[in-house]
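To keep things clear, I will list the structure first and then write my remarks on it.
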Amino acid sequence: MKTKTISKISVRQICFIMLAYTVVGKLLSYPTMLSYFCERDLLVPALIDFLIEGIIVWSIAFLCSRTDKTFFGLLEGTFGNVFARIIYGLFAVLFLFAVLLPICEQELYVHTIFYDTVPSLVVFMPFFVFAIYAGSKRFENIGRCADLCLPIFVITMFVIFIMSFGEAQWDNLLPILKTPADKIFFMAAGSIFRYVEPCWLLMFMGRFKYKKGDAAKITISYAAGAIIVLLFLATFYGIYGGLASSRTFAVSRTSLYFSAIETIGRVDLIMLYVLETVMVFALVLNVQLAVYCIAKCSGWDNRAVISLIVNVALAVVLITCGGFYNEIYKLYMNWLWIFFVIFTVLVPCLAWALKRRQR
């Protein structure tokens, strides 16, 4: 009987994902919403989420040193195949929710910043074509995309920081901890849907060869991404102060006051176009994992067809719900955060209680 080969991803590629994709998913509307609810304390709810999720990322990475099974294998070995399929079906829903709001953000971002008047479906057709193709591929494809994205991410973020860091007035962040605690914790809980990195790592379990120190490497990569986001949030609020809550799509606003722009024009738009590539790959990762989870849940391994169905559904949602972005955002912050807490915090923590084969 032919043995089925498990597709692999390397630790290096996982580290790239934890660094770059963690950052790019939090550069558009997230800083604006933090500024609206928490004003100069916008770093506090983000720090709370990063600390919680960082501990969970380390916990899952360290769990990989204790077993070479996939997460599905752990669930199946403990509770049976049916239960494992149900959980993976719920993870598929999670990853689809994780891509739904960001793709609506991307629609507004493209039309607002790049002044694109072409209908949304036409603009996003290349994205969906690529997502259909990527969703049909296996984990090696995810790793290769990460290899491609890291240098793009490093260069663009470096230039964006160079163009914006010197324009910040850091006293705008003072005094600290003046925001009521209930607002801070509401924003920390309500924004948890942007922190699905532990779920990515759960899906990568059993698909990379763990070596001593890999948990530290993965966690440090995630921490580096967290520091970049926190530094970006501080820079954004340092530039705009009390006006930050009215400045949508923060990554496009921080470099506006760079002195050289008056002479050489909006060169920052070049960096934003290039950075958009990494944002697209980060979105596609959630689509790929949703397809993978649906395949595991259904037992139907024709990922090409599943990917086609998933992306057509996302395109329909974009067409019908793209104009209701505010309503969708309220749904996430008021209700869906509970679903995300369960699957990004509780389920990963409970993974340690599953039966596992020792190395």
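FYI, side chains are in, hydrogens and waters are out, and symmetry mates aren't considered; it's all heavy atoms of this structure. All figures in this text were calculated on a predicted structure; none of them were measured in a lab.
- Using bins of under 30°, 30° to 60° and over 60° for the plane-to-plane angle, the ring pair Trp170/Phe165 lands in the tilted bin.
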Practice problem: Check the pair Phe95 / Gln288 against side-chain contact (heavy atoms from CB on, under 4.5 Å), numbers first and verdict last. | Solution: CA-CA 9 Å; Phe95 289 124; Gln288 290 174 295; over 6 Å; no
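- Taking CG of Leu314 as the start and CG of Leu318 as the end, the distance is 8.5 Å to the nearest 0.5 Å.
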Quiz item: Which is it for Tyr222 and Ile56 under the side-chain contact (heavy atoms from CB on, under 4.5 Å) test, yes or no, and what are the steps along the way?
Solution: CA-CA 11 Å; Tyr222 183 74; Ile56 295 171; over 6 Å; no
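- The hydrophobic clustering, which links ILVMFWY residues whose side-chain heavy atoms are closer than 4.5 Å, places Val284 and Ile132 apart.
- Using cut-offs of 30° and 60° on the angle between ring planes, the pair Phe83 and Phe79 is tilted.
- Each of Ile227 and Tyr21 belongs to its own hydrophobic cluster when Ile, Leu, Val, Met, Phe, Trp and Tyr are linked at side-chain heavy-atom distances under 4.5 angstrom.
- Looking only at distances, a side-chain donor or acceptor of Trp337 sits under 3.5 Å from a matching main-chain atom of Asn334.
- Taken together through direct or relayed side-chain contacts under 4.5 Å among Ile, Leu, Val, Met, Phe, Trp and Tyr, Leu350 and Val341 form parts of separate hydrophobic clusters.
- For the salt bridge (Lys or Arg N to Asp or Glu O under 4.0 Å) test, residues two or more places apart in sequence or in another chain that qualify with Glu197 are Lys26.
- Scanning all heavy atoms of the two residues, the minimum distance from Leu202 to Phe91 falls at CD1-CZ, 3.8 Å.
- Minimum interatomic distance between Phe236 and Arg247 (heavy atoms only, all atoms of both residues): CZ-O, 3.6 Å.
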Quiz item: Yes or no on side-chain contact (heavy atoms from CB on, under 4.5 Å) for Gln106 and Phe124, after CA distance, side-chain angles and deciding distance?
Solution: CA-CA 9 Å; Gln106 285 290 329; Phe124 281 90; 3.8 Å; yes
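- Connection of Val129 to Val312 is not established within any shared hydrophobic cluster, with ILVMFWY side chains joined at heavy-atom distances below 4.5 Å, either directly or through further cluster members.
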Practice problem: Dump the intermediate steps for side-chain contact (heavy atoms from CB on, under 4.5 Å) on Glu53 and Val345, then the final yes or no. | Solution: CA-CA 7 Å; Glu53 301 296 338; Val345 179; 3.6 Å; yes
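- Screening Asp268, Leu272, Leu27 for a side chain to side chain contact (heavy atoms under 4.5 Å, CB included) involving Ile160 leaves a single residue, Leu272.
- A 4.5 Å side-chain heavy-atom check between Arg40 and Asn172 finds every atom pair outside the cut-off.
- Residues Ile142 and Tyr292 form no side-chain contact, since every pair of their non-hydrogen atoms from C-beta on lies 4.5 Å or further apart.
- Aromatic ring orientation, Trp58 versus Phe62: parallel (interplanar angle below 30°, classes split at 30° and 60°).
- Residues Met279 and Pro102 have side chains not in contact (no heavy-atom distance under 4.5 Å, counting atoms from C-beta outward).
- The structure places CD1 of Ile328 at 10.5 Å from CG of Leu336, a figure rounded to the nearest 0.5 Å.
- Counting heavy-atom neighbours within 6.0 Å of Tyr133 OH, excluding the residue itself, gives a total of 12 or less.
- Between the side chain of Trp300 and the backbone N or O of Ile306 there is no donor-acceptor pair closer than 3.5 Å.
- The closest side-chain heavy-atom distance from Phe343 to Val93 is not below 4.5 Å.
- With hydrophobic clusters built from ILVMFWY side chains whose heavy atoms lie under 4.5 angstrom apart, Met205 shares a cluster with Val11.
- Closest heavy-atom contact between Val57 and Leu201: O-CD2, 3.4 Å.
- Each of Tyr36, Tyr329, Tyr325 was scored for a side chain to side chain donor-acceptor pair (under 3.5 Å) with Ser29, with one residue passing: Tyr325.
- When all heavy atoms are compared, the tightest approach of Glu167 to Phe258 is OE2-CA, 4.0 Å.
- The aromatic rings of Phe97 and Phe340 sit tilted, their planes meeting at an angle between 30° and 60°.
- When side chains are defined from C-beta on, Lys183 does not count as touching Asp41, because their heavy atoms never get closer than 4.5 Å.
- We find the OG-OH distance between Ser298 and Tyr88 to be 13.5 Å, quoted to the nearest 0.5 Å.
- Residues Val82 and Ile86 are in side-chain contact: their nearest non-hydrogen atoms beyond the backbone lie under 4.5 Å apart.
- Checked against salt bridge (Lys or Arg N to Asp or Glu O under 4.0 Å), Asp214 has the following partners two or more places apart in sequence or in another chain: Lys217.
- Between the Thr219 side chain and the Ala216 main chain, no donor and acceptor come within less than 3.5 Å of each other.
- Between Leu173 atom CG and Leu43 atom CG the span is 6.5 Å, to the nearest 0.5 Å.
- Summarising the geometry of Ala20 relative to Leu150, their closest heavy-atom pair is CB-CD1, 4.4 Å, with the distance given to 0.1 Å.
- Between Arg85 and Glu76 the shortest side-chain heavy-atom distance does not fall below 4.5 Å.
- Looking only at side-chain heavy atoms (C-beta outward), Leu275 and Val251 come within less than 4.5 Å of each other.
- Side-chain atoms of Ser35 come within 3.5 Å of backbone N or O of Pro31 as a donor-acceptor pair.
- Of all heavy-atom pairs spanning Thr32 and Ala244, the tightest one is CG2-O, 3.9 Å.
- Every residue meeting the side chain to side chain donor-acceptor pair (under 3.5 Å) condition with Ser307, not counting sequence neighbours, appears here in chain and number order: Asn311.
- A distance of 7.5 Å separates CD1 of Ile17 from CH2 of Trp200, quoted to the nearest 0.5 Å.
- In this structure, the separation between CG on Leu74 and CZ on Arg66 is 14.0 Å, given to the nearest 0.5 Å.
- Thr78 places no side-chain N or O within donor-acceptor distance of the main-chain N or O of Leu75, the cut-off being under 3.5 Å.
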